[in-house]
Colleague: 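Input: one structure, supplied below.
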Amino acid sequence: MADRKLIRLLPPLLFAVALALLPVLAEAAGRGYLIGVSTNVLIFAIAASSLNLILGYGGMVSLGHAAFFGSGAYVVGILAHHAMWGAPLMVWPFHIGGTESAFIAWPLAILVSALLALVIGAISLRTSGLYFIMITLAFAQMLFFFFIALNEYGGEDGMSLWNRSHAGPLDLNDNTQFFYLVLAFTLALLFLKHRLVNSRFGVVLTGIRDNPRRMRALGYPVRRYQLAAFTLAGAVAGLAGALIANQTEFVSPTFLHWTRSGEILIMVVLGGMGTLFGPLLGAAAFLLLEETLADLTEHWMIIFGPLLLLVVLFARGGLWSLVERLRAALGGGGERR
Amino acid sequence: MSTPLLEIDGLQKAFGAVIASENLSLDVQPGEIHAVIGPNGAGKTTLIAQLSGEIAPDAGRIAFAGEDITALPVHARALRGLARSFQITSLFPRFTVLENVALAVQAHQGHSFRFWRPAWRDPALIEPAKETLRRVAMTRREDVPAGTLAHGEQRQLELAMALAGQPRLLLLDEPTAGMGHEDSVRMVDLLLDLKQEVAMLLIEHDMDAVFRLADRITVLVYGRAIASGSPETIRTDPEVRRAYLGEEEPA
Amino acid sequence: MLLFLEQTLNGLQLGVMLFLMASGLTLIAGIMSFINLAHGSFYMIGAFVAASVAQATGSFMLGLAVALPATAILAMVLESGALNRLYDRDHLDQVLATFGLILFFNELVKIVWGAQPFYLNTPDWLSGSVEIISGVPYPAYRLALIVTGLAVALFLYLLIQRSRLGMLIRAGASNREMVGALGVNIKLLYTLVFGLGALLAALAGVMAGPIYAVQIGMGESILILTFVVVVVGGIGSIRGAFAGALLIGLVDTMGRAYLPDMLRLALPPATADNLGASLASMSIYILMAVILALRPRGLFPAHG
Ligand SMILES: Nc1ncnc2c1ncn2[C@@H]1O[C@H](COP(=O)(O)OP(=O)(O)O)[C@@H](O)[C@H]1O
Ligand SMILES: [Mg+2]
């Protein structure tokens with residue numbers, strides 16, 4: 001019994017330790033850029049993980065998730081822009097100035113993304129199936145055009161940040177410190193998600209995914225739970241957006257572009273829908289594959305596109321299912337869904 | 001007569017040219033089993049769907065325990081104690097039998113915006129779920145994924161899920177559909193047992209079952225109630241014999 | 001007033017282009033329950049093929065004549081070789097697979113034609129302008145485009161209402177099983193519908209060529225507008241696609257033309273222009289939201 005538990009916990013533990021040591025090892029190997037790459041992977045893992053909540057556990061195929069990701073990034077970017085130039089963000093009915101403080105900007109990014117998700121979700125969830133896919137896509141594109149039209153914030157070209165957010169004693173401009181902060185967020189969110197999917201809310205969400213009609217007949221107001229999950233996912237995507245704005249020190253409408261939504265979707269499916277660690281694996285695999293193929297040829301998409309088609313046609317289940325099979329072979333129990 | 005538990009008044013529903021309910025009025029008394037029979041396509045499932053709230057009637061009124069529920073959404077009706085089983089089994093195949101029932105129990109324990117404690121380790125869910133499974137004699141199958149059950153067992157689970165919320169009225173759409181003789185008899189025994197606690201609106205093709213269970217029978221043909229009364233009156237009603245029983249002689 | 005007339009025609013012109021895109025997409029979604037993100041790729045490929053044939057031969061019409069069948073054949077090969085396997089998969093698989101196709105086609109076009117946009121010239125006989133009412137000249141090409149679009153709409157209407165193929169398409173859009181039960185070769189029907197959709201998309205792409213640039217990614221921006229049209233009109237409904245396309249075309253064009261001016265009446269010019277531009281670009285999505293809030297299955301829902 002204790003053995004099985006150990007085997008079950010071993011991979012995530014090893015994994016966490018490896019991640020924690022990564023900056024040290026990277027520096028030692030003279031490959032400091034790996035820290036940035038890994039931070040990037042973790043941030044996209046958070047974004048993919050938030051999509052996984054509604055896609056993998058909730059069965060909602062949203063093709064507009066980048067809207068919340070990008071909006072979170074813009075909140076940080078816009079506040080920083082105003083802090084830099086000293087011009088207030090608005091003067092009426094309240095006077096609101098810019099800020100570079102992470103303690104204000106990041107929660108605000110989460111809040112704004114959550115509110116957007118609440119509104120977009122409330123309309124989109126009136127529909128389902130093909131309608132839902134097309135509508136989430138369309139709304140995301142609406143926000144994309146909205147930010148393009150904002151000339152003050154760089155319009156189509158976006159804008160650069162002068163530095164990363166101020167976070168008390170932490171110096172986020174230091175890549176290693178920023179990496180550890182993002183890692184802490186990632187692990188904390190994974191744990192929260194683990195609790196959530198097994199909670200009453202979580203089982204209702206999976207129940208709705210598997211059989212919404214039956215859930216209604218049992219007495220669940222289905223749409224209310226879907227909307228809650230959609231909003232929560234938007235909020236976490238907003239946090240990922242705030243982080244990516246800091247990581248790249250740049251925000252632009254491409255953060256909201258629908259192809260970005262598609263990429264996040266691919267990360268989830270590639271890693272394994274409805275699994276805890278799948279999105280993390282998926283984000284890593286996607287970004288590394290992109291990097292590798294791009295090294296190989298400038299026209300890497302000509303390989304990547306058909307690869308995607310083939311994966312869909314012939315290999316489902318995601319990378320995490322491979323890990324599961326390995327663990328099963330070693331005698332550990334698997335994650336059931 | 002006491003206040004009926006369920007009262008349907010002038011229900012009307014058409015799908016294009018097909019009339020599924022035509023000026024349909026019937027009621028279910030507390031403690032009663034009221035069976036609705038009729039040939040395929042008579043509008044029986046459509047009746048259940050209107051009662052449970054999945055389909056909105058074109059006209060008419062539905063009252064449950066004295067309250068007008070015609071405009072209530074599906075989930076609100078379920079929470080008031082109007083539970084249904086589906087003609088085509090509708091479960092959560094990836095959940096275990098126990099989890100299926102626990103999910104049904106949970107629906108009646110207030111909102112599920114609880115994000116922290118593991119649901120399947122919560123005695124407040126598991127104990128009532130186990131109790132329900134005992135009532136339908138499925139305790140031994142608790143930990144099996146519902147998708148792997150045999151057909152008869154799935155029908156039983158379907159019933160257990162409807163029972164789990166301690167409903168006041170069961171809407172049963174052909175509970176013995178697709179069952180072999182033995183399973184079917186067992187299901188009818190079970191329903192007879194339950195009759196003490198819960199009223200039922202029963203749709204059933206198996207005439208043996210109907211005559212064993214029903215206190216009253218309504219015969220539906222092309223959406224119209226052509227006859228309604230005690231099993232004896234229905235058995236001898238000439239119009240019913242012609243329109244319905246004549247083709248499908250009770251064995 | 002004259003400007004208004006011109007803007008209305010511009011709106012119509014965008015509307016018929018959207019209709020050409022949306023009619024195919026909505027049929028494919030309605031009949032095969034298939035969401036084809038790569039529908040925009042057919043639009044792009046049609047435009048590129050026509051542009052290069054026209055450049056080589058100097059004839060726009062020859063370009064058109066080559067591009068349409070070429071795109072349709074490509075689409076039908078793709079459909080019967082790979083995409084038809086996706087019809088009974090869930091929508092997520094369809095999204096992923098056709099997303100992959102977009103990446104592929106965009107890159108393929110870049111390799112074959114290079115990354116530079118190029119331009120398709122209007123045919124000489126359409127290069128002038130016509131006085132619609134005296135004193136209001138309007139480019140003949142755009143007028144021809146509107147006429148073509150309306151003619152295609154009429155053709156589709158007749159095809160669907162009057163022909164045997166149309167009968168099957170109508171039956172398929174409202175009840176897939178029934179068509180199969182009729183003993184029709186359903187695979188062939190699907191392939192034909194898919195090819196027809198691609199052909200119309202290519203037609204839209206070729207016609208767009210002289211107005212907008214022929215460039216990589218041109219398919220995606222119109223694809224999303226097309227989704228809005230399909231959703232507003234109701235999936236599976238040609239009538240809905242027509243109504244939705246004209247509505248979206250007009251609202252988008254009018255919004256861009258008049259919103260900034262209207263806001264200038266109340267706001268300082270710089271703010272008005274900025275806000276007007278962003279509101280105009282969002283107007284059709286807001287319209288979509290309102291319509292869906294009232295009618296979740298669009299204006300003309302095709303399914304029960
Ligand atoms: N959603 C629907 N759309 C159109 N027609 C329907 C629909 N549901 C049922 N019908 C039609 O209504 C009639 C009654 O169907 P139903 O209630 O399922 O009959 P029963 O359960 O008595 O066999 C049938 O003719 C059926 O084809
Ligand atoms: Mg029935």
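Residue numbers start from 1 in every chain, and the chains themselves are labelled A, B, ... in the order their sequence lines are given, proteins ahead of strands. What you see is a predicted model, and the numbers here were worked out from it, not measured in a lab.
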Colleague: If you compare all heavy atoms of Pro296(C) against all heavy atoms of Arg126(A), which two are closest, and at what distance to 0.1 Å?
Modeller: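 Between these two residues, the closest heavy atoms are CG-NH2, 3.4 Å.
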
Colleague: Does Arg239(C) have more than 12 heavy atoms from other residues, nucleotides or ligands lying within 6.0 Å of its CZ?
Modeller: no

Colleague: Heavy-atom cut-off 4.5 Å, strictly under: side chain, backbone, both or neither for Ile133(A) against chain C?
Modeller: side chain

Colleague: Measure the spacing between CG of Leu103(C) and CD1 of Ile303(A) and express it to the nearest 0.5 Å.
Modeller: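 With rounding to 0.5 Å, CG (Leu103(C)) is 12.5 Å from CD1 (Ile303(A)).
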
Colleague: Where does Leu279(C) contact chain A at under 4.5 Å (heavy atoms): side chain, backbone, both or neither?
Modeller: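 Neither part.
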
Colleague: To the closest 0.5 Å, what do you measure between CG (Leu223(C)) and CG (Leu137(A))?
Modeller: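 So the CG of Leu223(C) and the CG of Leu137(A) are separated by 7.0 Å.
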
Colleague: Rounded to the nearest 0.5 Å, what's the gap from CZ on Phe145(A) to OG on Ser221(C)? Could you check?
Modeller: 7.0 Å

Colleague: Counting heavy-atom pairs closer than 4.5 Å to chain C, which one of Met301(A), Glu298(A), Glu152(A) comes out on top?
Modeller: Met301(A)

Colleague: Can you say whether Thr259(A) sits under 4.5 Å from chain C via the side chain, the backbone, both, or neither, judging by heavy atoms?
Modeller: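 Contact with chain C: backbone and side chain both.
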
Colleague: Pick from Met282(C), Gln94(C), Glu220(C): which one has the most heavy-atom pairs with chain A under 4.5 Å?
Modeller: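 It is Met282(C).
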
Colleague: Please state whether the side chain, the backbone, both or neither of Leu86(C) comes within less than 4.5 Å of a heavy atom of chain A.
Modeller: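 Just its side chain gets close to chain A.
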
Colleague: Of the non-hydrogen atoms in Glu107(C) and Ile302(A), which two are nearest, and what is the gap between them?
Modeller: CG-N, 3.6 Å

Colleague: Roughly how far, to the nearest 0.5 Å, is the NE2 atom of His257(A) from the CD1 atom of Ile224(C)?
Modeller: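 NE2 of His257(A) is found 6.5 Å from CD1 of Ile224(C).
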
Colleague: Which one, Phe139(A), Trp300(A), Trp258(A), leads in non-hydrogen pairs under 4.5 Å with chain C?
Modeller: Trp258(A)

Colleague: Check whether any side-chain N or O of Tyr131(A) sits under 3.5 Å from a backbone N or O of Arg297(C) as a donor-acceptor pair, and report yes or no.
Modeller: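 A pair under 3.5 Å: yes.
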
Colleague: Please look at Ile102(C) and chain A and tell me whether the side chain, the backbone, both or neither of the residue comes under 4.5 angstrom of a heavy atom of that chain.
Modeller: side chain

Colleague: Has the side chain of Tyr285(C) got a donor or acceptor atom that lies under 3.5 Å from a matching backbone atom of Leu143(A)?
Modeller: no

Colleague: Using 0.5 Å steps for rounding, measure from the CG atom of Leu309(A) to the CZ atom of Phe104(C).
Modeller: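 It is 10.0 Å, given to the nearest 0.5 Å.
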
Colleague: Under 4.5 Å, counting heavy-atom pairs only, tell me which of Val228(C), Val230(C), Leu292(C) racks up the most with chain A.
Modeller: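 Result: the option with the highest number of such pairs is Leu292(C).
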
Colleague: Would you mind checking which part of Ile120(A) comes under 4.5 Å of any heavy atom in chain C, side chain (CB onward), backbone (N, CA, C, O), both or neither?
Modeller: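 Contact with chain C is absent: no heavy atom of Ile120(A) under 4.5 Å.
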
Colleague: Rounded to the nearest 0.5 Å, what's the gap from CD1 on Ile235(C) to CE on Met134(A)? Could you check?
Modeller: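 Separation between the atoms: 4.5 Å.
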
Colleague: Highest number of heavy-atom pairs under 4.5 Å with chain C: which of Val61(A), Ile123(A), Thr127(A), Ile135(A)?
Modeller: Ile135(A)

Colleague: Determine the option with the most heavy-atom pairs under 4.5 angstrom with chain A, choosing from Thr98(C), Ile111(C), Leu108(C), Leu101(C).
Modeller: Ile111(C)

Colleague: Please report the shortest heavy-atom distance between Ala138(A) and Met288(C), naming the atom on each side.
Modeller: CB-CE, 3.5 Å

Colleague: For Ser278(C) and Ala149(A), work out which heavy atoms get closest and say how close.
Modeller: CB-CB, 3.3 Å

